[in-house]
Amino acid sequence: MNPNLVFPSTLEELELLRDADLRANAYIASLSERRVFPDAAALDRLDLLDNPLPEEGHSRIEGLRLLDEVGSPATVVSNGPNYFGFVVGAALPEAIAAERLMSAWDQNAGLPLGSPIAARLEQIAAQWILEILDLPRGSAVGFGTSATACTISCLAAARRAILGREGWNFDANGLNGAPEIYLIISEAAHITVKKAIRLLGFGMKRITIVPVDALGRMDLTRLPPLTSRSILCLQAGEVNTGEFDTFSDVLPLANAAGAWVHVDGAFGLWARTSSRRGLTEGIELADSWTVDAHKWLNTPYDCAMAICKRPEDLASAMNSDAAYSTASADAQKNLTLEFSRRARGIPVWAVLRSLGRRGVAAMVEQHCAFAMRIADGLRNAGYEVLNRVVLNQVLVRGNNDDETRTVIARAQASGLVWFGSTVWDGRPAFRISVSSWRTEEQHVDQLLQLLVRLKGPPRL
Ligand SMILES: *Cc1c(COP(=O)(O)O)cnc(C)c1O
């Protein structure tokens, strides 16, 4: 045997995995005591990892120790209760546990032949997702890596289907000489929707970007005429304000025109499970939707869904059947960008099974209530809250730009909490997002106390 290729014995393998479990558990147990963003010393220590590619292999257990001792202190504790940045969510233990077992299984979940259990669970998770989000039953659900990837899948499916209706065979002829498609987004569309548009070759100057109203929703009075060659991208949950486009006003028009409507609901679609459902009214009339699980459903990364009302549209666009690998239209490799893939639907199944419809609704409800509480507290402390707080996002600024910047910098440097900055109406602001299942009332109150402390004297 090649001395450089020494496989562990079963005993060593189990010892290594047990050590990983112990270290992972110790990390989880310490989440609320950890700095939310690593300090400079922890970041400096990352240099210890910066070694040349080893010629000879090193001890596995020692590698894990290095990873934990140098790596864990340099993590952003977004899996803790005090992280209010972006809309990242934390990871629920049942999802982490399911992923651990999945790692041991090491399934290639592209098609049922690669993993019957993964195929079955993802079929079940797909049905549950359509039920809990109340989207048309029978839609295709592809479990992809991210909302970005899923938006690419959905828009590719949309274009191919529209061109097919126009008598153009996209697979054979591509885009050169194809009938033009009119893609429409709002000014407030997420950057990853624009990325999908660029990647797919729509051309940012060839699409229509519709201005938004005072609340950040697509201004429907400025909408160009819709036709059967339009793809209209709407949004459920804007990253700064949490606002929703007014689906019930525009969807019937779009349907009548034969346009394809795609909804980016990366986090906002989960509002549909709760008393905020009204924000999503009419959304079920769209043709495709993207929604993340790794944000508000609190699964680990990477976990998102591309949902398409007419399953054949997604399945034909994403098909990757080969002579050696044919599968049904609902095999995940035929619904996602991936061919070999992990079964991202399994953590979704695990969370939906453990929380149930009520549990998911309660989590969403709780986060929205916390956001309102934060907004009230900040207003009382003399901050300016810039949005209506319809969901879990609070957009804030201080008396002036300097104060806003100082508060952000000091809060981030404190290590006690973390939230991010943004620009709103051309001026700095900060964004507090509540999406971690670990966040409780006490954490919200600690955040408020810190922000009150950091606030300068009130505006006169
Ligand atoms: C986060 C986000 C995305 C991108 O999602 P990823 O899963 O990170 O690719 C798209 N749209 C909105 C509104 C988002 O909040």
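If you read the sequence from its start, that first residue is 1, and numbering goes on from there. Remember, it's 1-based here, ligands and their atoms both numbered in the order they're listed.
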Problem - Subset of ligand 1 atoms that lie under 4.0 Å from at least one heavy atom of Phe267 - result: 15 (O)
Practice task
If the plane angle is over 60° it's perpendicular, under 30° parallel, otherwise tilted; pick one for Tyr383 and Phe430.
Solution key: perpendicular
Problem - Enclosure of Arg310 CZ (heavy-atom neighbours >12, cutoff 6.0 Å) - result: yes
Problem - Min heavy-atom dist Val239 to ligand 1 below 4.0 Å - result: yes
Handout entry: Partner of Thr192 by side chain to side chain donor-acceptor pair (under 3.5 Å), out of Lys194, Lys195, His190
Key = His190
Practice task
Could you establish whether Ala304 and ligand 1 come within less than 4.0 Å of each other, counting only heavy atoms on the residue side?
Solution key: no
Problem - Min N/O separation His294 to ligand 1 under 3.5 Å - result: yes
Handout entry: Identity and separation of the nearest protein heavy atom to atom 2 (C) of ligand 1
Key = Lys295 NZ, 2.2 Å
Exercise for the section: Check each heavy atom of Glu238 against ligand 1 and say whether those closer than 4.0 Å belong to the side chain, the backbone, both or neither. Expected result: neither
Problem - side chain to side chain contact (heavy atoms under 4.5 Å, CB included) partner of Arg357, chosen from Thr273, Ile132, Leu352 - result: Ile132
Problem - Atom indices of ligand 1 within 4.0 angstrom of Asp292 heavy atoms, with elements - result: 5 (O), 6 (P), 7 (O)
Exercise for the section: Check the side chains of Asp330 and Gln123 for a donor-acceptor pair under 3.5 angstrom, ignoring hydrogens and angles. Expected result: yes
Exercise for the section: Measure the CG-OG1 distance between Asn400 and Thr404 for me, rounded to the nearest 0.5 Å. Expected result: 6.5 Å
Handout entry: Straight-line distance of Asp445 CG to Leu450 CG, nearest 0.5 Å
Key = 12.5 Å
Problem - Ser146 and ligand 1 - part of the residue with a heavy-atom distance under 4.0 Å - result: both
Problem - Plane angle bin for Phe370 and His367 - parallel if under 30°, tilted between 30 and 60°, otherwise perpendicular - result: tilted
Problem - For atom 9 (O) of ligand 1, the protein heavy atom that lies nearest, with its residue and separation - result: Thr148 OG1, 2.5 Å
Handout entry: Atoms of ligand 1 close to Gly237 [distance to a heavy atom under 4.0 angstrom, numbered from 1]
Key = 13 (C)
Handout entry: atom 11 (N) of ligand 1: nearest protein contact (heavy atom, Å)
Key = Asp264 OD2, 2.6 Å
Practice task
Of the side chain and backbone of Thr192, name the one, both, or neither that has a heavy atom under 4.0 Å from an atom of ligand 1.
Solution key: side chain
